Amino acid sequence: MTDTKPKTRDELFAFLDELGIKHATKDHAPVFTVAESVSLRDEIPGGHTKNLFVKDKKDQFFLLTVEEHASVDLKTVHTLIGAASKVSFGKPEKLMEYLGVIPGSVTAFGAINDAGSNVTFVLDADLMKEEIVNCHPLSNDATTSIASADLIRFMEATGHKPLVLKVTA
C-alpha cells in the first residue's frame, strides 16, 4: 500500500489545465447512483457515465466506463477486456488504494491516482461517440464535462492507454 495521498479535485483541474484540456464542472448534491443523478440531465449535456471497478482471479483490476443506462454482461465481459477469468467487483479498499475514490465516486478521472498502473481503463465505444463525456471529479458532489477525445488525452498523460471497446449490450 502506498502512503501517497489521493489527488484532490483542484489538483485534477490543475492537471487538466496544464494539458490545455477544456473542462466545466457543476457542483450538486452528492449522488451515489445513476438513478439519483438523473435530475441533472437537463443541466449537464453530453454522455453521462456509469463506472464498474472489477477484477479477475489474478487480481488484475479494470475500470469499465460506460454510458449510464448501458448494461454490461459481467459473465462475458472478461472475453472482451483481456481478463484472465470472469470478473467480480473490486473491494472498496483497492478502489481507494488505486483510484483514490470511494464507492459512489468512481470515475475515469481516478487514473490520475493510479501511479502504479494497477488498473486497465476501458472506455465503452458507444460512450466515446458522445462529443462530451461527464464524470465525477474524484467526488460525487460535482460533475465535470470534458470532450471525449480529451478524456483519452488525459488518460494517456497519466500513463494509461485506455482500451476503447464495445463492452455494453
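These numbers were taken from a predicted model, which means no experiment stands behind them.
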Quiz prompt | Heavy-atom closest contact (K166 atom, L80 atom, distance) | solution = O-CD1, 3.6 Å
Quiz prompt | Joint hydrophobic cluster, V164 plus M155, side-chain heavy atoms closer than 4.5 Å | solution = yes
Exercise. Report the C-alpha separation of H28 and T143 in whole Å, then their side-chain angles, then the decisive distance to 0.1 Å, and conclude whether the side chain to side chain contact (heavy atoms under 4.5 Å, CB included) test is met.
Key: CA-CA 8 Å; H28 50 70; T143 298; 2.7 Å; yes
Could you pull out every donor-acceptor pair under 3.5 Å between side chains of residues 98-112 and any protein atom, sequence neighbours left out?
from, atom 1, to, atom 2, distance (Å)
S105, OG, N140, N, 3.1
T107, OG1, F109, N, 3.1
T107, OG1, H136, O, 2.7

Quiz item: Side-chain heavy atoms under 4.5 angstrom apart, residues restricted to Ile, Leu, Val, Met, Phe, Trp, Tyr: same cluster for V72 and F89?
Solution: yes
Quiz prompt | Heavy-atom pair of closest approach, residues L127 and V66 | solution = CD2-C, 4.1 Å
Quiz item: Just by modelled atom types, is the N134 backbone N or O under 3.5 Å from a matching donor or acceptor in the S145 side chain?
Solution: no
Practice problem: Test side chain to side chain contact (heavy atoms under 4.5 Å, CB included) on D114 and F121 and set out the steps. | Solution: CA-CA 10 Å; D114 185 29; F121 290 86; 4.0 Å; yes
Quiz item: Going hydrophobic residue to hydrophobic residue with side-chain gaps under 4.5 angstrom, can you get from L163 over to V54?
Solution: yes
Quiz item: Could you give the distance from CZ (F15) to OG1 (T158), rounded to the nearest 0.5 Å?
Solution: 6.5 Å
Quiz item: So, for L138 and K7, which heavy atoms are closest and what is the spacing to 0.1 Å?
Solution: CD1-O, 3.4 Å
Exercise. Under the side-chain contact (heavy atoms from CB on, under 4.5 Å) rule, collect the residues that match up with E156, sequence neighbours excluded.
Key: I152, K161, P162
Practice problem: For T49 and N51, work out which heavy atoms get closest and say how close. | Solution: OG1-ND2, 3.7 Å
Practice problem: Enter the distance from N113:CG to N118:CG here, rounded to the nearest 0.5 Å. | Solution: 11.5 Å
Quiz item: Can you name the side-chain contact (heavy atoms from CB on, under 4.5 Å) partners of S71, sequence neighbours left out?
Solution: A169
Quiz item: For E11, does the CD atom sit with more than 12 other heavy atoms under 6.0 Å from it, leaving out its own atoms?
Solution: yes
Practice problem: Check the hydrophobic clustering (I, L, V, M, F, W, Y; side-chain heavy atoms under 4.5 Å; chains of links allowed) and say if M128 and V119 are grouped together. | Solution: yes
Quiz item: Is the NZ atom of K22 crowded by more than 12 outside heavy atoms at less than 6.0 Å?
Solution: no
Quiz item: What closest approach, in Å, do P137 and T25 show between heavy atoms, and which atom pair accounts for it?
Solution: CG-CG2, 4.4 Å
Quiz prompt | For S85, side-chain contact (heavy atoms from CB on, under 4.5 Å) partners two or more places apart | solution = D56, K57
Quiz item: Can you get from L123 to I81 by hopping between Ile, Leu, Val, Met, Phe, Trp and Tyr side chains that sit under 4.5 Å apart?
Solution: no
Quiz item: T8 and D10: side-chain donor and acceptor closer than 3.5 Å?
Solution: no
Quiz item: For the residue pair Q60 and G82, what are the closest heavy atoms and their distance?
Solution: NE2-O, 4.3 Å
Exercise. Output all residues satisfying side-chain contact (heavy atoms from CB on, under 4.5 Å) with I21, sequence neighbours left out; order by chain, then residue number.
Key: L16, L19, I146, D150, R153, F154
Quiz item: Residues two or more places apart in sequence or in another chain: which of them pass salt bridge (Lys or Arg N to Asp or Glu O under 4.0 Å) with K129?
Solution: D126
Quiz item: From L52 CG over to K50 NZ, what is the distance, rounded to the nearest 0.5 angstrom?
Solution: 6.5 Å
